**Student:** 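Have a look at this one before I ask anything.
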Amino acid sequence: MKGFPTSGTWSTEAFDRHKHRRELRIAMDGKSTIISWQDFFKEFVPEPAEEVKPKNLSTVFFPLSKTKNEVSMYTPLLAALNGRADLCPGYTFLCSSSKGDDTCDSKQAVDCGMYRESKAPPIETDEHGNTSPRATDWSNIEVSIECKSGTDKDPFDDTEPDGQVLSELRKETLGQILGYLQFIFDRQQRMFLFMVLILGSYARVVRVDRSGIFVTKRLNYLTDGEPLAEFFWRFARLSSTEQGQDPTAERIAHDSSYANLLKAKVLSMNKDDYRRGLLEATLDKKWPWWLLSFKDQETKNVRKFVVGKPNFTSPGVAGRGTRGFIALDLEKPMDSPVYLKDAWRVVHDDIEKEGNTLKRLNNVNASYVPTLEAHGDLDGQTTVSQDLWFKYRPSISPHTPCPLKKHTHYRIVVQEVGKPLTEIASGYDLINALYCCIRAHSDAYELGIIHRDISVGNILLYPSKDIAVQGQPQVFDGMLTDWELSKDVNSKSPVGRQPDRTGTWQFTSAQALRDCQKTIEIQDELESVFHVLLYIAIRFLPHNCGKDSVGFLLTSYFDDYKETNTGYGCGAAKLSSMRHGEITFDQDRDTIQLRFFYRAGSTKSHPINDIVDELLTWFKSHYTLTFRSRNPVKPDAGNESSRESSPTRSPRMPKKTWAATKRAKALGTPASTAKASKSTSKSSARENLEVDKENAAKLESHIAIAALFEEYLDESQHAWPRDDKVEDQRPKGGYKRGQDVLRGQTSYQNQPTSSLSIKRGVETVEAPEPPSTPKHRRIEG
């Protein structure tokens, strides 16, 4: 699942280190392989060709003895490693257990680390001459070393398949080390990473790439220390590429000529240009800056781009590891900044490169999608864990599905740099941006492409191409980005073409969350649009949910999930809203329907209420029919909502007439007579199967929802406030859940007076607290 439910970008919950670690390890579930030290060396750490291994490596750790606690391990271990000049020349081993990297909000620190001497974190001295301990430097560490007092915290078990452990203490250690590895992946340009675990008298070496983990068997290094010493000796003699460094990424000094191009570009941009602020925010000197290169698949030329700190980083170790950068093109550094996405794409016959998809969309002048500048794979940068997984499981048939995915390092650059959807100026702008998203999705759908990951993060705001009115503020349209998970609508592949589900949890349809094998259809995508609408509206528009209750409302609806007999499924609040066609919450001992106000301090109804009510009616009918028959609703021949299947494209229409023209073409009637049709009353929809079919059919294509948005974007028919946006109502620092959790019913201690009301027959229960990331669901990348 793209993005973590409880610690991802769009989660409302306060960051919880233990939950995040749990999500990291669950994403790696079943992806570890334990092998011998000899096989580990053979596969990953080759012996140098022109240097003979010292004969006395076995004595490196002889001075050490078993210690009583973790802290007492550091000094003798580091003394042993630094005491041999011939072991790792040019490197030093340091302790950083008491001070975290200040680029990390949680200030987490690994116990020890191997650094190049020229990149070792310094001992800092204040103005009074007082020194402070060395801090962990995630951007320069070569091999992280985590120490535990004993094997009771060993994150791997040599006696279990895939090394999986059963005790919570050992599971916590696995999440901990994955968290440290994520910090390194986020800040460096790495193909893979090595880590050493010291477990009392024992040791392991770990290698991690974006596909999986390979780890040595546990070894008593106090009595047989040669293999551990040999690992360090070999590692210090590997090339930087063999150590895992990306050879296409050059780290640049903050005062270099390349860096000065970034600084000069910021100064040359208009202060009112939002892109100036976005670019300036990436020039953080606490983070490394880079010159990134790749061969463009289209022109075969090598393209080079200068970047600073990423403005987006996806969570996790397993998966795509996507990072986004505001970049300058070295071919034309004085042109506008561009957007570069660096990711480890999944290699699969049915998964198209994002650049190829954008090229198809650009070739037909698809509306509101990014413009491809360049893209390409990075030669020789493909994960190997998925192939070796079979090699070290000879008893498993090669036809058995592998839980590991094959990833290739990939970069794509688009011309547009958008700003986040959270920066909408008003509710009107939100509906306009989502309308643009629907248009983009429709154009792609006509080409046989379905996006499959509509989310707040994938809908950006970009200056409208419409002629601006002098004296009026700049108008922004929506742009549907991030097409890497898109697929062919007519694909005949078996359900679940990847080992894990795709999408962003908070905005995935309730049905897709209930069934991790469900094929994503247009109804799911339009439901995602609705969830985006609701998410932004609750955060930024005035409504009747009290300030102290908004966090619980957001968490219950968007983040929640529950146990099912197949793992974890959709939370009660989202599913109930789709099935019953309304969103209610308990406040001041009353059950209240969520309503949006015209502006802060007013009780006048906001026009967005009509859109929400109408869409909920459609989804309610869709879910009613789905739960009744478990079969898709098929529109009658000639139905106005029939799927747009024509491969030919008409000229692009003005916004306000696009849906009407589409409907008129389908019906053979003048556009002026093809208006959006409203649903019948809720009471008759419940009683009449034909009404449910009529309402649900509106979700079979983009026409009805586009027509609805067009109608409300016509300000001659509907009055919209321009001052309705309020300060973000998501709790600062995140929402913190209560602690008492019962199966089937949740009791929250110190809970606000509001709670979300979930209908289950005559019962009203609260949404349960999610135990962790759902099983079998992909975490981004």
Side-chain angles (χ1 to χ4, degrees), residues 1-4 8 20-21 23-33 43-44 138 143-144 162-163 174-175 177-195 206-215 241-249 290 292 294 310 312-325 340-348 351 353-354 375-391 402-412 453 482 484-485 497-502 773 776-781:
M1 179 59 60
K2 187 177 181 183
F4 292 119
H20 180 59
R21 289 175 175 176
E23 291 172 332
L24 287 170
R25 66 172 175 77
I26 289 178
M28 274 290 187
D29 189 35
K31 298 177 182 178
S32 298
T33 302
E43 300 292 357
F44 307 122
W138 299 121
V143 178
S144 50
D162 301 320
L174 178 56
I177 66 172
L178 288 172
Y180 294 160
L181 294 170
Q182 178 186 324
F183 293 142
I184 303 172
F185 272 128
D186 288 350
R187 288 157 181 77
Q188 299 189 29
Q189 300 290 337
R190 287 280 191 166
M191 298 180 290
F192 49 85
L193 291 168
F194 291 98
M195 186 178 202
V206 179
R207 181 195 182 273
V208 178
D209 63 21
R210 293 294 184 177
S211 182
I213 298 174
F214 272 75
V215 59
T241 301
E242 290 173 321
Q243 290 177 345
Q245 301 279 1
D246 176 2
T248 69
W290 303 93
L292 303 179
F294 65 95
F312 170 79
T313 302
S314 64
V317 174
R320 287 169 170 79
T322 303
R323 288 180 289 180
F325 300 88
L340 183 151
K341 186 166 75 171
D342 180 286
W344 287 79
R345 70 178 185 86
V346 176
V347 179
H348 193 285
I351 302 178
K353 295 178 184 177
E354 183 177 7
H375 74 116
D377 290 334
L378 277 57
D379 291 341
Q381 297 195 37
T382 299
T383 56
V384 300
S385 293
Q386 73 287 336
D387 296 328
L388 295 176
W389 188 86
F390 282 105
K391 179 177 179 180
C402 177
L404 284 66
K405 288 180 281 190
K406 182 178 181 179
H407 294 265
T408 288
H409 202 177
Y410 177 73
R411 292 192 179 121
I412 179 171
D453 189 20
D482 201 356
E484 65 177 313
L485 299 183
R497 65 179 187 182
Q498 300 180 47
D500 308 294
R501 169 61 73 202
T502 58
T773 302
H776 312 302
R777 298 188 184 281
R778 186 180 61 80
I779 296 177
E780 152 71 356

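Positions are given from 1, in the same order as the sequence printed here. Bear in mind the structure is a predicted one, so any value in this text is a computation, not a measurement.
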**Student:** Please collect all salt bridge (Lys or Arg N to Asp or Glu O under 4.0 Å) contacts where either partner lies in residues 378-389, sequence neighbours excluded, each pair once.
**Tutor:** none
**Student:** Taking side-chain contact (heavy atoms from CB on, under 4.5 Å) as the definition, give me every residue that meets it alongside Thr382, ordered by chain and number, with sequence neighbours left out.
**Tutor:**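 Counting only residues at least two positions away or on another chain, Thr382 forms a side-chain contact (heavy atoms from CB on, under 4.5 Å) with Lys406, Thr408.
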**Student:** Taking ring pair (Phe, Tyr, Trp, His ring centres under 6.0 Å) as the definition, give me every residue that meets it alongside Phe183, ordered by chain and number, with sequence neighbours left out.
**Tutor:** Trp138
**Student:** So, Arg190 side chain and Gln243 main chain: donor-acceptor pair closer than 3.5 Å or not?
**Tutor:**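 Checked: pair present.
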**Student:** Can you list the residues that meet the side-chain contact (heavy atoms from CB on, under 4.5 Å) rule with Ser385, with sequence neighbours excluded?
**Tutor:** Arg207, Asp209, Ser211, Phe214, Leu404
**Student:** Check Ala318 against Ala27 and note the closest heavy-atom contact, atom names and distance.
**Tutor:**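 Distance-wise, the nearest heavy atoms are CB-O, 3.9 Å.
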**Student:** How close do Gly316 and Leu24 get, counting heavy atoms only, and between which atoms?
**Tutor:** CA-CD2, 3.5 Å
**Student:** For the pair Arg320 and Glu484, evaluate salt bridge (Lys or Arg N to Asp or Glu O under 4.0 Å) and give the outcome as yes or no after the intermediate values.
**Tutor:** CA-CA 10 Å; Arg320 287 169 170 79; Glu484 65 177 313; 3.0 Å; yes
**Student:** Identify, with sequence neighbours excluded, every residue that meets side-chain contact (heavy atoms from CB on, under 4.5 Å) alongside Thr313.
**Tutor:** Asp186, Pro310, Arg323
**Student:** Show, in sequence, the C-alpha distance, side-chain angles and deciding distance for Val206 and Phe194, and conclude whether the side-chain contact (heavy atoms from CB on, under 4.5 Å) test is met.
**Tutor:** CA-CA 6 Å; Val206 179; Phe194 291 98; over 6 Å; no
**Student:** Verify the distance criterion only: is there a donor paired with an acceptor across the side chains of Gln182 and His20 at less than 3.5 Å?
**Tutor:**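 Distance-only check passes for Gln182 and His20.
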**Student:** Taking salt bridge (charged side-chain N to carboxylate O under 4.0 Å, His left out) as the test, write out the residues that go with Arg411, two or more places apart.
**Tutor:**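 If we apply the salt bridge (charged side-chain N to carboxylate O under 4.0 Å, His left out) test to Arg411, skipping adjacent residues, the hits are Asp246, Asp342.
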**Student:** Can you check whether Glu242's main-chain N or O pairs, donor with acceptor, with Gln245's side chain at less than 3.5 Å?
**Tutor:**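 No: the side chain of Gln245 does not pair with the backbone of Glu242.
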**Student:** Please step through side-chain contact (heavy atoms from CB on, under 4.5 Å) for the pair Phe294 and Thr248, ending with a clear verdict.
**Tutor:** CA-CA 7 Å; Phe294 65 95; Thr248 69; 5.9 Å; no
**Student:** Find out whether the Lys NZ or Arg CZ of Arg210 is both under 6.0 angstrom from the six-membered ring centre of Phe192 and within 45° of the ring's axis.
**Tutor:**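 So Arg210 doesn't make the cation-pi contact.
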**Student:** Here's a test for you: under side-chain contact (heavy atoms from CB on, under 4.5 Å), which of Thr241, Thr383, Leu378, Val384 qualifies with Met191?
**Tutor:** Thr241
